[in-house]
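Each chain gets a letter, A, B and so on, in the order its sequence line appears, and its residues count up from 1.
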There are 2 protein chains.
Amino acid sequence: MFLMKWLEWRFLILSHAFEIYAGIIAFIFTGLGIWLAMKLSKPKIKVVTIEKEYSGSRESFAINQEALTQTGISARELEVLELMATGLSNQEIAQRLFVSLSTIKTHSSNVFFKLEVQRRTQAIEKAKRLGIIN
Amino acid sequence: MFLMKWLEWRFLILSHAFEIYAGIIAFIFTGLGIWLAMKLSKPKIKVVTIEKEYSGSRESFAINQEALTQTGISARELEVLELMATGLSNQEIAQRLFVSLSTIKTHSSNVFFKLEVQRRTQAIEKAKRLGIIN
DNA sequence: TGAAAAATCAGACTAAAGTATGAGGGCTTG
DNA sequence: CAAGCCCTCATACTTTAGTCTGATTTTTCA
């Protein structure tokens with residue numbers, strides 16, 4: 001019975017050799033078509049437009065990074081700048097970051113230099129305008 | 001000659017019938033593959049954020065006036081506060097308003113008292129938060 | 001692994017900022 | 001017209017901010 005079954009299979013394959021071959025070709029070239037389309041077509045871009053009340057959270061985040069690298073302000077300096085903008089004194093910032101007053105003064109001085117300003121109020125104003133703090 | 005050429009063609013087609021058929025299949029299914037890829041590929045979603053011209057002009061103006069009267073800050077004091085927020089020093093504010101440094105110090109001291117803060121940076125932060133300056 | 005950048009700190013100094021007190025003049029309002 | 005508010009100014013003082021110099025340690029990166 002097993003043998004007969006096998007012969008039946010064999011007969012099927014032989015009598016339909018052309019169809020099987022065509023099927024294989026069809027399959028392979030379908031794959032080729034898909035690959036071609038993937039490779040050569042420009043990626044589809046679906047544009048989703050979201051209207052937003054101006055508050056500038058996402059946009060300012062993008063500007064944020066660019067302007068930030070532009071100024072060359074380091075992570076720690078940014079931290080100091082942010083606390084500065086909340087109205088804290090150097091002493092308070094020092095306590096909050098567990099460092100000395102000298103360190104905060106150095107950081108803030110560097111920030112002022114990098115932002116090309118003289119005072120902390122100017123630094124805050126410019127930093128907000130550039131979008132590197134919110 | 002024409003006839004012979006035609007016969008030659010015919011012979012070619014007959015003797016290569018299978019290859020031609022396979023070629024047609026390949027071509028068709030390549031097309032199918034491309035179509036499939038086009039149809040089924042997920043489009044990349046690009047999010048475009050458009051900021052609407054801010055609609056809260058009336059509202060913030062209202063808050064402005066109310067909070068301002070609440071604090072009891074006078075017109076001159078507000079003027080000083082606004083210049084302060086732009087990053088000017090007391091000396092610069094004095095020169096701009098054609099008054100003495102002492103006067104600006106008095107004004108700013110009054111502003112700090114009325115806003116219940118100690119430093120100019122805090123005053124600026126709070127004034128912006130309350131919407132009495134922008 | 002060695003140089004550059006970043007973070008830390010100190011001391012000494014100058015410049016602003018902020019406080020406190022007092023005082024004079026202008027303006028409105030009951 | 002006196003009381004109250006606002007604007008002005010001064011002086012004296014304390015505190016905070018900011019600069020400069022120089023140094024050590026940590027981190028980062030080629």
Donor-acceptor check, side chain of [X] to backbone of [Y], threshold 3.5 angstrom: yes or no?
{"X": "A:E125", "Y": "A:T121", "result": "no"}
{"X": "A:Q70", "Y": "A:A67", "result": "no"}
{"X": "A:T103", "Y": "A:V99", "result": "no"}
{"X": "A:K114", "Y": "A:I73", "result": "no"}
{"X": "B:E92", "Y": "B:S89", "result": "yes"}

Return the value, rounded to whole Å, for the distance between atom [atom1] of [X] and atom [atom2] of [N].
{"X": "A:I124", "N": "C:dA17", "atom1": "CD1", "atom2": "P", "value": "13 Å"}
{"X": "B:I93", "N": "C:dA16", "atom1": "CD1", "atom2": "P", "value": "13 Å"}
{"X": "A:Q91", "N": "D:dG18", "atom1": "CD", "atom2": "P", "value": "14 Å"}
{"X": "B:Q95", "N": "D:dC9", "atom1": "CD", "atom2": "P", "value": "13 Å"}
{"X": "A:L97", "N": "C:dC9", "atom1": "CG", "atom2": "C1'", "value": "15 Å"}
{"X": "A:L101", "N": "D:dT19", "atom1": "CG", "atom2": "P", "value": "14 Å"}

Indicate whether OP1 or OP2 belonging to C:dC9 is found under 4.0 Å from a side-chain N or O atom of A:T103. yes
Between C:dA17 and B:N90, is there an OP1 or OP2 to side-chain N/O distance shorter than 4.0 Å? yes
How far does [atom1] of [X] sit from [atom2] of [Y], to the nearest 0.5 angstrom?
{"X": "A:I133", "Y": "A:K128", "atom1": "CD1", "atom2": "NZ", "answer": "6.0 Å"}
{"X": "A:R120", "Y": "A:M84", "atom1": "CZ", "atom2": "CE", "answer": "4.0 Å"}
{"X": "A:Q65", "Y": "A:I132", "atom1": "CD", "atom2": "CD1", "answer": "10.5 Å"}
{"X": "A:K126", "Y": "A:R119", "atom1": "NZ", "atom2": "CZ", "answer": "13.5 Å"}
{"X": "B:S109", "Y": "B:I104", "atom1": "OG", "atom2": "CD1", "answer": "12.0 Å"}

Side-chain heavy-atom pair A:N90, A:V80 within 4.5 angstrom cut-off: no
Taking only heavy atoms on the protein side, list every residue of residues 104-122 of chain A lying under 4.0 Å from any atom of DNA chain C, sorted numerically. A:T106, A:H107, A:R119
Nucleic acid contacts of residues 71-87 of chain A, taken as heavy-atom distances under 4.0 Å to DNA chain D: none
Let me test you: for the helix from C:dT1-D:dA30 to C:dG30-D:dC1, what is the angle between the axes at its two ends (five pairs each), rounded to 10 degrees? 50°
Assign B:S100 to base, sugar-phosphate, or nothing according to its heavy-atom contacts below 4.0 angstrom with the strands shown. sugar-phosphate
